[in-house]
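Worksheet for the structure shown next.
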Amino acid sequence: KLLANVVAGQEVHQQWGGVIPELASRAHQQQLVPVIDAAMKKAGISVHDLDAVAFTRGPGLLGSLLVGTSFAKALALASGCKLIAVNHMQAHILAHFITDAEERAKPDFPFLCLTVSGGHTQLIRVDDPYAFTVLGETIDDAAGEAFDKTAKILGLPYPGGPLVDKYAQLGDPKAFTFPIARIPGLDFSFSGLKTSFLYTVQNGQKKDVLFAENHRSDLCASMQFAIVQTLMKRLNEAVVQTGITRIALAGGVSANSGLRQELVRQASEKNWTCFIPPFAYCTDNAAMIAMAGHFKFLRGDFAGQDVAPLARYPLSGF
Ligand code: KG4
Ligand code: ZN
């Protein structure tokens, strides 16, 4: 049962329109101890009450991973508890199993999970908390990147996803037409969509210097529509291929209102059962890492002090 989930944001990236790896690792270093301290206080426990400490081994930015890994090792060593290495992408999926004060249905196995974050877009078959099969993934940009780049092109701050979502709610999704990629299998591609968006804005600006501002809501709504359609198309194909109709959303982009609405709409039309985590467990958070750690704890799957972070870490890698 979740006792505390404290999240520190990193505003230092806003002015640059994306995450600067060096600044991210330094911010991790500054914030880690106060954040863990706050979580311990909120939970009403001390380090001596810990049975294990779970940390993100990867995938991600190596500098930030190193900060977390080093800290987790030190904490485990100092408090005499176990150490558990977690795959960040597995944790996004396992966030569905977090138990807190609110009653929520948890997906039965097997289920399909659409994981959409700033770094990843994956369609996964989940057979149990330890068995993940990637059915499709992005061959270029992630869905979150497509949202963030949309915002950047429109001069909006990073991370742009939530802002694009906000403006999209005021706009017309049919105002502009952006292409849905046609690539084989269940993989995704967002780079063509991004280029098409860039050209639309550049061409518009040639005729009207205030084009991006004047059409902001319609541009956001149309782009969001294209991203959501791209994701839903693949999801539908995966349902047909696997016959699985339990669908889960995970990752930062699952906070997107357009994606949530469309999934709920199609689920009721097609008789799927869908599982959408609360906002707090969609974007990166500690509770999901603890949840993944819990499953590894049950299996006695502990890491040694020699464990190293992995910038690239396949979903099925333990
Ligand atoms: O999972 P996450 O917190 O971090 C990664 O592991 O990448 O995902 C962050 C991504 C960012 O690209 C952010 O713009 C996007 O999730 N995001 C959204 C929304 N909220 C966050 N994208 C679209 N609509 C939103 N409401
Ligand atoms: Zn994430």
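First listed ligand is number 1; within each ligand, the first listed atom is number 1.
Looking at atom 24 (N) of ligand 1, its nearest protein heavy atom turns out to be Asn256 ND2, 3.0 Å. If you check which protein heavy atom lies closest to atom 26 (N) of ligand 1, you get Asp165 OD2, 2.9 Å.
Aromatic ring centroids of Phe55 and Phe71 lie 6.0 Å or more apart.
By the 4.0 Å N-to-carboxylate-O rule, Lys152 lies too far from Asp148 to be salt-bridged with it.
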Before you tell me yes or no, could you show the steps for Glu213 and Arg216 under salt bridge (charged side-chain N to carboxylate O under 4.0 Å, His left out), namely the whole-Å CA-CA distance, both residues' side-chain angles and the distance that decides it to 0.1 Å? CA-CA 5 Å; Glu213 261 174 83; Arg216 187 158 53 197; 6.0 Å; no
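Side chain of Ser222 to main chain of Asp172: a donor-acceptor pair is present (N/O by atom type, distance under 3.5 Å, no hydrogens or angles). The backbone N or O of Ala290 lies less than 3.5 Å from no partner atom in the side chain of His294, so there is not a single donor-acceptor pair.
Ring-plane geometry between Phe97 and Phe109 is classed as parallel, the angle between the planes falling under 30 degrees on a 0 to 90 degree scale with a further cut at 60. Under the 30°/60° scheme for interplanar angles, the aromatic rings of His215 and Phe211 are found to be tilted.
Using a 4.5 Å heavy-atom threshold, the side chains of Tyr313 and Arg57 count as touching.
Short contacts between ligand 1 and Gly144, defined as distances under 4.0 Å to a heavy atom of the residue, involve ligand atoms 12 (O). Here is the list of ligand 1 atoms found below 4.0 Å of a heavy atom in Gly161: 14 (O), 18 (C), 19 (C), 22 (N), 23 (C), 24 (N), 25 (C). Within the listing of ligand 1, atoms 7 (O) sit less than 4.0 angstrom from a heavy atom of Gly119.
When only interatomic distances are considered, the shortest N/O to N/O separation between Pro159 and ligand 1 does not fall below 3.5 Å.
Distances shorter than 4.0 angstrom do not occur between any heavy atom of Lys166 and any atom of ligand 1. For His92, the heavy-atom gap to ligand 1 drops under 4.0 angstrom.
The cluster map of Ile, Leu, Val, Met, Phe, Trp and Tyr, joined by side-chain heavy atoms under 4.5 Å apart, puts Phe147 and Leu123 in the same cluster.
Between Asp284 atom OD1 and His88 atom NE2, the angle centred on the Zn ion (ligand 2) amounts to 100° (nearest 10°).
With atom 8 (O) of ligand 1 as the reference point, the heavy atom nearest to it among Ser254, Gly160, Gly252, Ala250 is part of Gly252.
Looking at Asp284 against ligand 1, both its backbone and its side chain come within 4.0 Å, counting heavy atoms. Contacts between His120 and ligand 1 below 4.0 angstrom, taking non-hydrogen atoms only, are absent altogether. Under 4.0 Å from ligand 1, the heavy atoms of Asp148 that appear belong solely to its side chain.
At a cut-off of 2.8 Å, His92 coordinates the Zn ion (ligand 2) through an N, O or S atom.
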